[in-house]
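Here's the structure, in structure tokens; my notes come after.
So you know, we letter chains A, B, ... as the sequences are listed, proteins then strands, and number each from 1.
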Amino acid sequence: MSHSGGFNEMAATNCKDYEFLTIEPHWQTIWEKTKAFRADNGATKPKYYILDMFPYPSGAGLHIGHPEGYTATDILARFKRARGFNVLHPIGWDAFGLPAEQHAVKTGTHPATNTQNNIVNFRRQIKALGFSYDWDREVDTTDPKYYRWTQWIFLQLFKKGLAYVDERPVWWCPELKTVLANEEVVDGKSEVGGFPVERRNLRQWVLRITAYAEPLIDGLKDVDWPDSTKRMQEAWIGRSEGAEVLFKLENAALGDLKVFTTRPDTLFGCTYMVIAPEHPLVDSLTVPEQRDAVKAYRFKAASKSDLERTDLAKDKSGVFSGSYAINPVNGARVPIWIADYVIMGYGTGAIMAVPAHDVRDHEFAVQFNLPIIRVVAANDGAEELPYTGDGKVVNSPGYDGLTWPEAKKKIIAELATRGVGKGTINYKLRDWLFSRQRYWGEPFPIVWVSEADYARAVAVRSDLPAQPVKFIENGVTQYALPLPDAVLPLILPEVQSYLPSGLGESPLANVTEWLEIWVNIQTGAAVPASQPRPAGDVWVRARRETNTMPQWAGSCWYYLRYLDPQNAGALASPEALKYWDVPDLYVGGAEHAVLHLLYARFWHKVLFDLGVVPQSEPFKKLFHQGIILGEDGVKMSKSRGNVVNPDDIISKYGADSLRLYLMFLGPLEAMKPWNPQGIEGVHRFLRKVWRECLNEEGAINPRISETGALSADTEKLFHETIKKVTENTEDLRFNTAISQLMILLNALQKEPVLPRSVMLDVLKLLAPLAPHITEELWARLGQSGSIMAAGWPSFDAAKLVATTLTIVFQVNGKHRGDVQVPVGITEEELVKLAYENPKVAPHLQGKPLKRSIFVKGKLINLLV
RNA sequence: GCCCGGGUGGCGGAAUGGUAUACGCAACAGACUUAAAAUCUGUGGUUCGUAAGGACGUGUGGGUUCGAGUCCCACCCCGGGCACCA
């Protein structure tokens, strides 16, 4: 039995009216039964892969923002299918994460239970919208069959030396009893819950994303993304070119002070230096008489939270160390200050200050009365300082007269020759803090062993990193031993309590039987340490890693799993990776412009370098849908009570109306308010479509004819509509596609006879936007099979050419009238017509015609 | 402060440098109806004028152009991102 044969047996409903509550579930069931949206990995048709950002299945259910983006991609998926593509359009669940864990803490039920309930609800809501997902490819990041490969990718990063542990100050939230990433801290408070946070040192897993800073910038050149998003990623990576310069310290025993500067050309203007309060040389550079002042300043700086530090950003503070350094270009004696406007985490934690040409240095110099020397002259001779614009170098013997970029190049070369400096590139990008002290995340497939046991593992394992990852705890060095790929997935164990240990470790630290083990260093097999040690040298004592991975981990590679979701031997087969390639279009919110999209690109590039994936960038083309605001023009939120629930809209107007309205609201990328009355308009439009096809009894509209023809004007409009809807759909400009269809319907309504073929084409044009009603009407007009299999209408270019057109008369650029003329009319004839036109002629009376401008097919402008 | 995006009727918005306000909502008037709903028809920037018609109109002020919502310059306002990164 053929695929479409099965479909033919499926009948339409027998509704007399547009009863969407009957029609929509009816067709959804048929689609589901026939697996109408299955993507075929073996197809010979051209492929099209269209990807949504998969949702976090929250307890609140689908937010109206989800169906906005999802409707857009669904329309495109259906459009591409109609145009003959093998379309991959999948969905899944980004289901690990903090809210489920907090719910578990509150209720004591397993986060998996709550998560599964939420998924059931999300799935129901998404199906009610008629989205054409291939449900055989659904993924769930919390499924061990899925996170097995998340863990596997982590192991590849680990083996490549891209994962390490480090004790570092991290945000600690006493309320949540957990560590938060920088991006989860907003204005000194936790993003979730809004609780205060503080700094604390903890052992953390960190991914070396900085090793990929350069490729992550370079790759942006090759992708079709919104410019603003590219710029945001560039700014986040923050590449800056400059030089490291060594300043000899006056106290030669202390050696050199290394600074990073982007403007080595201004070295002659350096009048003081600044080191960060955390700089290792602070103590040795502080002279005895300054000791108390420096100590006090350091204490103050350390106790400031980042919030205070940025709040006080306007006021510069600092203290003199009492020591001096020697400027390598002119031997000048330069005082060294300590100030918190220099941060330890960037560059070398020390700067040369050039107050004449740096705004912050200038502010500081004015405040502390330090000298200011101009070394770049403004092109326009302006005297004002600080000056950061272009110009020629002055007061710099050997470089005067050069533009500053020239001087920069020359001075870097000179410093390098003398061995006191070199060109360098710095990035703002920090390594990625990759661990959380939480339960509801992927466990790390890592155990900690002693130095001696690790040495034994080195002898029998070939998959260990070149440099061991180790960590000193209570004076003992622990070594991170990866579990072999073969024992994955490492299943998240059951716990008694979902509360964090409260000491910075996750609830996993309380599961002793799981935590403390004998491990086989060769196979990764484990038995609880409470049991006797199995026989053989390969069994060693180990403690499991208790951190779990952040929510980003699962979302970093899900678009690859869709290609081959059941594969038990690889994250996806090489054939699937090659056939589907990367998504042709990725649609999601701009709030992921930096983090998710940067992290996923990083993993993809690592997988590319490992030969796992065949291309170096994961997302060729990216589009951000805008935010839908509440009726009141403010962002929707529960507390404001302006949230729109898709379920309510569907039960009142139907999914087709909701889809159409979401797309008709305005440009997809725009932020726009919800208008409850606006949906009436598109709903009326759908009812009008229904009435043009079927009469009140539900039988075919008697005006529909096999042989009749449209009037010439409507015929032309019909072909224009095909053209416009096709182009607009391709460009994701659905609002104008819909208005064009409305214009066509208004015209068809006035036609005495409706050719059947025209009505069928209209349904085809509308089908991606409103799939249920068009399936129903397609069947009711006597067509067999799904409208989705019926192809896409094409327009007749000859029909677009009018025989007469309207030419506008302008006199001196002002609109004065218009005239219907045949297509081939000449300029002379039009000028003549203008003088005869009762509306135009008065404006031409008594004034000689100086010139006329004729825009073919549009207008003629007469200058008098 | 820096980097983006945007300001068009009562509202959402449309407009390859060429008739500004398409399409939809809301409003008003009319038709159908015992009535209502539904549906259909029509009106609709401001201002002067009985009208025909004129003047002015896309945040503000300049400019380029035969012609500017659209291009250029300056400014104002709104939204987003970054924020002592040397």
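Remark: P of B/G5 and CG of A/L668 are 18 Å apart, rounded to the nearest angstrom. Put simply, NZ on A/K672 is 19 Å from P on B/C11, counting in whole angstrom units. Atom CD1 in A/I627 sits roughly 15 Å away from atom C1' in B/C78 (whole-Å rounding). Atom P of nucleotide B/C23 and atom CG of A/L769 are separated by 19 Å, given to the nearest angstrom. To the nearest angstrom, P of B/C84 lies 20 Å from CE of A/M352. B/C66 atom P lies 12 Å from atom CG of A/N812, rounded to whole Å. Rounded to an integer number of Å, the gap from A/F685 CZ to B/A22 P is 18 Å. One can place CH2 of A/W236 at 19 Å from P of B/C4, the figure rounded to the nearest angstrom.
Between the C1' atoms of B/U64 and B/G17, the separation comes to 12 Å (whole Å). When the P atom is used for both B/G61 and B/C76, the distance is 15 Å, rounded to whole Å. Rounded to a whole angstrom, the distance from the P atom of B/A20 to that of B/U58 is 12 Å. The separation of B/A22 from B/A14, taken at their P atoms, amounts to 13 Å, rounded to a whole angstrom. When the C1' atom is compared between B/G63 and B/C48, the two are found 31 Å apart, to the nearest whole Å. Annotation: B/C56 and B/G6 have their C1' atoms spaced 26 Å apart (nearest Å). With C1' as the reference atom, B/G44 and B/G10 are 11 Å apart, rounded to whole Å. Here, B/G13 and B/C25 have their P atoms 16 Å apart, quoted to the whole Å.
One N or O donor and one acceptor, one from the side chain of A/K316 and one from the base of B/C84, sit under 3.5 Å apart.
For B/G57, there is no paired nucleotide, since no Watson-Crick or G-U wobble pair has both relevant distances below 3.5 Å. Base pairing of B/G44 is not made with any nucleotide, judged by Watson-Crick or G-U wobble geometry with both donor-acceptor distances under 3.5 Å. Using N1 to N3 plus N6-O4 or O6-N4 for Watson-Crick, or N1-O2 and O6-N3 for G-U wobble, each under 3.5 Å, B/G79 pairs with B/C4.
Glycosidic conformation of B/G9: syn, with the torsion inside 90° of 0.
In this structure, the nucleotide among B/A20, B/A26, B/A86 sitting nearest to the side chain of A/I343 is B/A86. Checking B/U41, B/G54, B/G24 against the side-chain heavy atoms of A/K750 singles out B/U41 as nearest. Nearest nucleotide to the A/N861 side chain, out of B/U39, B/C23, B/G18: B/G18. Checking B/U19, B/G13, B/A26 against every side-chain atom of A/N735, the shortest atom distance belongs to B/G13. When distances are taken from the side chain of A/M232 to each of B/G81, B/A55, B/U19, the shortest belongs to B/G81. Taking every side-chain heavy atom of A/S739 into account, B/C23 is the closest of B/C23, B/A15, B/C4. In the set B/A20, B/G79, B/G24, B/G79 carries the atom at the smallest distance from any side-chain atom of A/M671. When distances run from any side-chain atom of A/I853 to the nucleotides B/A86, B/G18, B/U19, the shortest one goes to B/G18. When each of B/A55, B/A86, B/U39 is scored by its nearest atom to the side-chain atoms of A/R816, the top-ranked nucleotide is B/A55. Checking B/C4, B/C84, B/U19 against the side-chain heavy atoms of A/R231 singles out B/C4 as nearest.
Taking 4.0 Å as the cut-off between side-chain N and carboxylate O, A/K230 and A/E234 do not count as a salt-bridged pair. Salt-bridge annotation for A/K672 and A/E68: present, with a side-chain N of the basic residue lying under 4.0 Å from a carboxylate O of the acidic one. Note on A/E214 versus A/R239: salt bridge recorded, some NZ/NE/NH1/NH2 to OD/OE distance being below 4.0 Å. Taking a cutoff of 4.0 Å between a charged side-chain nitrogen and a carboxylate oxygen, A/R703 and A/E692 qualify as a salt bridge.
Nearest-nucleotide mapping onto RNA chain B: of A/K858 and A/Y346, the residue sitting toward the 5' end is A/K858. Nearest-nucleotide positions on RNA chain B for A/D358 and A/R691 put A/R691 closer to the 5' end.
Within 4.0 Å of A/P842, counting heavy atoms only, lies no atom of the nucleic acid at all. Heavy atoms of A/K839 sit under 4.0 angstrom from primed sugar atoms or phosphate atoms, though from no base atom. As judged by a 4.0 angstrom heavy-atom cut-off over every strand, A/D361 is placed among residues making no nucleic acid contact. The residue A/L863 sits close only to the backbone: its heavy atoms come under 4.0 Å of sugar-phosphate atoms, none of a base. Within the 4.0 angstrom heavy-atom criterion, base atoms lie near A/L859. Note on A/E680: nothing from the nucleic acid sits closer than 4.0 angstrom, heavy atoms only.
The side-chain tip of A/R601 does not point at the ring of A/W236 from less than 6.0 angstrom away and within 45° of straight on. A cation-pi contact, defined as under 6.0 Å to the ring centre and within 45° of the axis, links A/K316 to A/Y341.
The aromatic rings of A/W337 and A/F364 lie perpendicular to each other, with more than 60° between the two planes, well past the 30° mark.
Considering only side-chain N and O atoms, A/S240 lies under 4.0 angstrom from the phosphate OP1 or OP2 of B/A86. OP1 or OP2 of B/G24 lies within a sub-4.0 Å distance of a side-chain N or O belonging to A/N746. Look at A/R684 and you won't find any side-chain N or O under 4.0 angstrom from OP1 or OP2 of B/A37. At the phosphate of B/A14, neither OP1 nor OP2 sits under 4.0 Å from any side-chain N or O atom of A/R733. In this model, the phosphate group of B/C56 is approached by a side-chain N or O of A/K814 to a distance below 4.0 Å at OP1 or OP2. In this structure, A/H843 reaches the B/G54 phosphate: one of its side-chain N or O atoms is under 4.0 Å from OP1 or OP2. Taking only side-chain nitrogens and oxygens, A/R851 comes nearer than 4.0 Å to OP1 or OP2 of B/C66. OP1 or OP2 of B/C66 has not a single side-chain nitrogen or oxygen of A/Q810 nearer than 4.0 Å.
Checked by atom type, the side-chain pair A/N642/A/D632 shows a donor-acceptor distance below 3.5 Å. Counting only N and O atoms by type, the side chains of A/S240 and A/Y346 include a donor and acceptor under 3.5 Å apart.
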Exercise. Please step through salt bridge (Lys or Arg N to Asp or Glu O under 4.0 Å) for the pair A/K856 and A/E827, ending with a clear verdict.
Key: CA-CA 9 Å; A/K856 219 172 163 246; A/E827 185 168 355; over 6 Å; no
